[in-house]
2 protein chains.
Amino acid sequence: MAAARNGQGDRRPTMTDVAAAAGVSVALVSIIMRGAPGASDETRERVRRVADELGYVPDRRAQKLRQSRSRLIGVAFELQQPFHGDLVERLYPAAAAQGYDIALSSVAPTRNEQAAIGDLIRERCEAAVLLGSRMLAPDLATLAKRMPTQVVARPSGTELVGSVRTDDTAGIEAAVDHLIDLGHRRILHIDGGDAPGSAERAAGFAARMRHHGHASEARVVAGGPTESDGVRAITNTLDTSEASRPTGIVAFNDRCAIGVLDVLLRRGIHSPEDISVIGYDDSRLSRLAHINLTTVAQDADKIATEVIAQATRQIAGEAPTEIILTPQLTPRATTGRAPVE
Amino acid sequence: MAAARNGQGDRRPTMTDVAAAAGVSVALVSIIMRGAPGASDETRERVRRVADELGYVPDRRAQKLRQSRSRLIGVAFELQQPFHGDLVERLYPAAAAQGYDIALSSVAPTRNEQAAIGDLIRERCEAAVLLGSRMLAPDLATLAKRMPTQVVARPSGTELVGSVRTDDTAGIEAAVDHLIDLGHRRILHIDGGDAPGSAERAAGFAARMRHHGHASEARVVAGGPTESDGVRAITNTLDTSEASRPTGIVAFNDRCAIGVLDVLLRRGIHSPEDISVIGYDDSRLSRLAHINLTTVAQDADKIATEVIAQATRQIAGEAPTEIILTPQLTPRATTGRAPVE
DNA sequence: GTGAAAGCGCTAACAA
DNA sequence: TTGTTAGCGCTTTCAC
């Protein structure tokens with residue numbers, strides 16, 4: 001058959017086709033499709049109509065190739081991280097407001113960051129945004145020599161690479177203060193293992209407990225960023241410290257906190273009556289009605305806006321900076337007054 | 001300053017730069033970069049070295065523009081669906097094996113499917129793969145006139161659009177059989193509300209219970225695809241049928257099942273001792289150690305392979321087909337023998 | 001084995 | 001207001 005591809009014809013219409021059909025030059029069609037000034041309203045309307053009839057849609061690759069700039073911001077994100085989803089979603093409108101498009105490149109167990117970044121380079125993105133990158137500072141610096149680069153939700157470790165993140169210390173402090181306010185004293189922090197931000201949060205926790213004069217009642221145990229890590233940490237803790245178990249827990253993040261809650265439930269320990277639990281991220285998970293987790297919220301909207309703003313600045317040649325936002329404690333149902341002893 | 005962008009120079013090196021630096025023609029560089037035959041090993045090595053020194057990376061837009069075909073398969077996926085992440089991850093290698101690249105376009109609450117698909121068209125993808133699309137059959141048919149289209153995990157409703165999915169009826173039947181084998185009789189199905197596949201699964205459930213002669217002990221209640229839906233459904237059920245509560249539950253999907261488990265936990269009802277629960281999808285969630293949910297598994301690897309295979313066929317002009325894979329019951333920790341009454 | 005030249009679909013000067 | 005022209009960075013004949 002002549003018309004392959006579901007009879008859609010052998011190829012998509014191009015600007016040349018539209019120009020021919022409308023009896024004008026391609027340049028004029030270009031002007032009209034871009035909404036640029038320099039065409040009569042009458043022609044404009046006619047060409048638009050012809051284009052629609054033909055089902056013409058501009059070829060973005062050709063557009064971007066021709067314009068010396070791609071006006072593309074590349075985003076590497078992890079497919080399995082709900083918070084990355086929250087961020088990506090907000091990057092689109094933020095970028096559009098500055099006249100940029102977003103190119104997505106995913107990171108997954110079978111697809112490493114290098115592969116994802118390679119795609120962004122081949123697409124000639126003008127800047128790279130790495131969500132929760134696991135790259136080391138020297139590698140980031142190398143990448144930064146190729147293209148303006150930022151990391152999100154972690155420090156970059158090099159002044160060549162920008163960073164937008166929330167103040168981990170402040171976030172953990174807010175969590176500690178909240179529990180102290182509620183009368184808790186024996187407070188446990190389950191750290192993030194080798195996840196980015198873990199060290200800062202653990203240090204912040206210890207410092208704040210000291211500040212309140214309860215250093216001796218503070219404990220930090222090894223955890224990690226997933227539910228399983230939370231499960232492991234709390235199980236260990238409960239099994240080994242029956243006598244003096246904590247009344248308040250600050251988990252590394254929401255997923256970790258959810259693991260903790262799950263174990264508590266299974267053991268018949270009620271939250272918040274027996275133990276208060278605080279997460280970190282304000283991910284969609286934490287907001288689910290049945291979880292309703294008190295958490296330290298990172299404002300995805302604000303982060304996205306700052307990321308795009310910094311990207312355009314870096315593209316314009318400004319030096320990258322470290323932008324630190326203040327997280328917000330969001331009390332929900334998993335924290336309450338400390339039980340009377 | 002002359003060198004904007006972190007001193008990386010004003011522009012990225014092009015093939016012309018490499019050719020000049022190596023003292024050969026661009027055509028030869030092209031041959032070498034693509035690994036095409038027609039260059040001496042010696043030149044090959046020298047040009048490669050020069051390219052590396054310059055940090056040359058081919059411009060994919062220019063490549064794809066020049067080649068009449070984009071060799072791009074566009075994928076529209078939902079950012080917040082873990083199973084979509086599983087699929088996307090597997091589409092990369094499957095596509096690469098056929099010489100295609102993947103272009104990602106995300107769907108989210110603030111970014112609808114039309115927007116996502118528009119991007120795929122502008123990128124001149126040769127085929128569109130829509131994960132869990134919510135588009136109606138007529139709209140899908142319209143899209144199919146533009147480009148070869150497939151939907152995944154649902155029927156397309158039009159023969160113009162391909163579909164790769166698992167047999168919902170068979171999956172639910174396997175779940176029912178499993179419970180029946182374990183001695184369960186009073187079995188509840190929490191359906192998926194208006195989610196794709198919900199009707200098929202509910203019908204399959206009823207039919208299979210009838211087949212086993214336990215139609216009278218089968219119940220179907222309204223649910224949905226999220227944890228909250230599961231919470232709502234089971235709460236209702238427990239509150240209204242204290243006397244004859246089910247011993248087995250088949251939830252619409254894993255997330256729904258997890259909501260159910262959460263409520264059971266909170267009420268001190270043990271699973272599987274008191275109530276067995278089965279999910280659907282075998283998402284990462286279900287495999288978490290502390291959840292360890294019995295579920296009906298959809299083989300993401302196989303789905304991805306079939307999707308790419310069908311995409312290449314459709315691109316070659318073949319008519320789309322409906323590919324139905326058989327799901328696999330995966331027994332884990334949330335199902336066990338029915339309690340003795 | 002290598003190079004010259006044309007052109008993919010578009011935009012942007014510049015002319016008319 | 002409209003058309004002409006010259007590329008963007010690459011691949012692909014077709015000569016040499």
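To find a chain, count down the sequence lines: A is the first, B the second, and so on, and within it residues start at 1.
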*Mapping A:Asp59 and B:Gly38 to their closest nucleotides on DNA chain C, which lands nearer the 5' end?*
B:Gly38
*Where the side chain of B:Arg34 is concerned, which of D:dT12, C:dA12, C:dG9 is the nearest nucleotide?*
D:dT12
*asked:* Of the options C:dT11, C:dC10, C:dA12, whose atoms approach the side-chain atoms of A:Ser30 most closely?
replied: C:dT11
*Tell me: CZ of B:Arg71 to P of D:dT11, nearest whole Å?*
14 Å
_Heavy atoms from C-beta onward define the side chain here; which of C:dT2, D:dT2, C:dT11 lies closest to that of B:Ser40?_
C:dT2
*asked:* Can you tell me whether the side chain of A:Arg66 and the base of D:dG7 have a donor-acceptor pair closer than 3.5 Å?
replied: yes
*Find which nucleotide of DNA chain D each of A:Pro37 and B:Pro58 is nearest to by heavy atoms, and output the residue with the more 5' nucleotide.*
A:Pro37
*Provide, to the nearest angstrom, the distance between the CG atom belonging to B:Asp41 and the P atom belonging to C:dG1.*
9 Å
*Specify the separation, in whole Å, of atom NZ of A:Lys64 and atom P of C:dA12.*
11 Å
*Exercise: identify the closest heavy-atom pair between B:Pro196 and B:Arg154*: CB-CB, 3.9 Å
*Given C:dG3, D:dG3, C:dC10, which nucleotide is nearest the side-chain atoms of A:Val24?*
D:dG3
*asked:* Given C:dC10, D:dG3, D:dC10, identify the nucleotide with an atom nearest to the side chain of A:Met15.
replied: C:dC10
*Using salt bridge (Lys or Arg N to Asp or Glu O under 4.0 Å) as the criterion, point out the one residue from B:Lys64, B:Arg61, B:Arg71, B:Arg69 that pairs with B:Asp101.*
B:Lys64
*Send over the distance from A:Leu28 CG to D:dG3 P, rounded to a whole Å.*
6 Å
*Under 3.5 Å, is there a donor-acceptor pair linking the side chains of A:Glu89 and B:Thr110?*
yes
*When the distance from CZ of B:Arg12 to C1' of D:dC10 is rounded to whole Å, what number comes out?*
16 Å
_Heavy atoms only, 4.0 Å cut-off, all strands: where does B:Ala39 land among base, sugar-phosphate and nothing?_
sugar-phosphate
*asked:* Side chain of B:Thr14 only, heavy atoms from C-beta on: which candidate in D:dC10, D:dT2, C:dG9 is closest?
replied: D:dC10
_It should be established whether A:Gln63 places a side-chain nitrogen or oxygen under 4.0 Å from OP1 or OP2 of nucleotide C:dC10._
no
*May I have the distance from A:Ile32 (atom CD1) to D:dG3 (atom P), rounded to whole angstrom?*
9 Å
_Options C:dG9, C:dC10, D:dT2, nucleotide nearest the side-chain atoms of A:Tyr56_ = C:dC10
*Cut-off 3.5 Å, side chains only: do A:Arg34 and A:Ser30 have a donor facing an acceptor?*
yes
*Is a side-chain donor-acceptor pair under 3.5 Å present for B:Gln150 with B:Ser156?*
no
*Send over the distance from B:Met33 CE to D:dG9 C1', rounded to a whole Å.*
13 Å
*Please report, rounded to the nearest Å, how far the P atom of C:dC14 is from the CD1 atom of A:Ile31.*
14 Å
